[in-house]
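No hydrogens, no waters, no symmetry mates; every other heavy atom, side chains included, goes into these values.
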Amino acid sequence: QQSARPDMVSQQQASPLGKVILAFQNVTSQFNRLGKKAFLDIKNRRITPGNTTQLQSDMSNLSRIGYYFILYKQLFLQHYLMMTMMMKDG
């Protein structure tokens, strides 16, 4: 767990690369959980809140899976590569 107190921050958390990685690690875990939930909702044929039919629910869950597992991973990878290139230059 990250600490807000400077005397309790580890070397890994204080390093520039650690700050970048730790800033996105929690978000990635949450997005993986949400994507998995959307997949399980389709698999278990659950109608998610806000939808009235199974088809609407499936389309909504497919869109969530596409965002959380495909689009977000691509954006995260691009951001990570850009940050590492900037760190090498600076």
Are [X] and [Y] linked, directly or through other ILVMFWY residues, by side chains that come within less than 4.5 angstrom of each other?
X     : Y     : value
Ile65 : Leu71 : no
Ile70 : Leu34 : no
Met59 : Tyr67 : no

Salt bridge (Lys or Arg N to Asp or Glu O under 4.0 Å) against Asp58, all qualifying residues, sequence neighbours excluded:
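Counting only residues at least two positions away or on another chain, Asp58 forms a salt bridge (Lys or Arg N to Asp or Glu O under 4.0 Å) with Arg45.
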
In chain order, what residues pass the salt bridge (Lys or Arg N to Asp or Glu O under 4.0 Å) check against Arg46, with sequence neighbours excluded?
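Once residues adjacent in sequence are excluded, the partners of Arg46 under the salt bridge (Lys or Arg N to Asp or Glu O under 4.0 Å) criterion are Asp41.
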
All side-chain contact (heavy atoms from CB on, under 4.5 Å) counterparts of Asn51, not counting sequence neighbours:
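Expected list: Ile47, Thr48, Gln56, Ser57, Ser60.
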
Quick one: side-chain contact (heavy atoms from CB on, under 4.5 Å) partners of Gln74, sequence neighbours excluded?
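Partners of Gln74 by the side-chain contact (heavy atoms from CB on, under 4.5 Å) criterion, ordered by chain and then number, come out as Gln78.
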
Listed partners of Phe39 passing ring pair (Phe, Tyr, Trp, His ring centres under 6.0 Å), at least two apart:
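Phe39 satisfies ring pair (Phe, Tyr, Trp, His ring centres under 6.0 Å) with no other residue.
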
With rounding to the nearest 0.5 Å, note down the distance linking NZ in Lys36 to OH in Tyr68.
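It comes to 16.0 Å.
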
Let me confirm one number: the CZ-CD distance from Arg33 to Gln30, rounded to the nearest 0.5 Å.
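With rounding to 0.5 Å, CZ (Arg33) is 6.0 Å from CD (Gln30).
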
Check Leu81 against Thr84 and note the closest heavy-atom contact, atom names and distance.
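Shortest heavy-atom contact: O-OG1, 2.9 Å.
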
Sequence neighbours left out, what pairs pass ring-ring contact (aromatic ring centres under 6.0 Å, His included) with at least one residue falling in residues 43-66?
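Pairs touching residues 43-66 that pass the test: none.
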
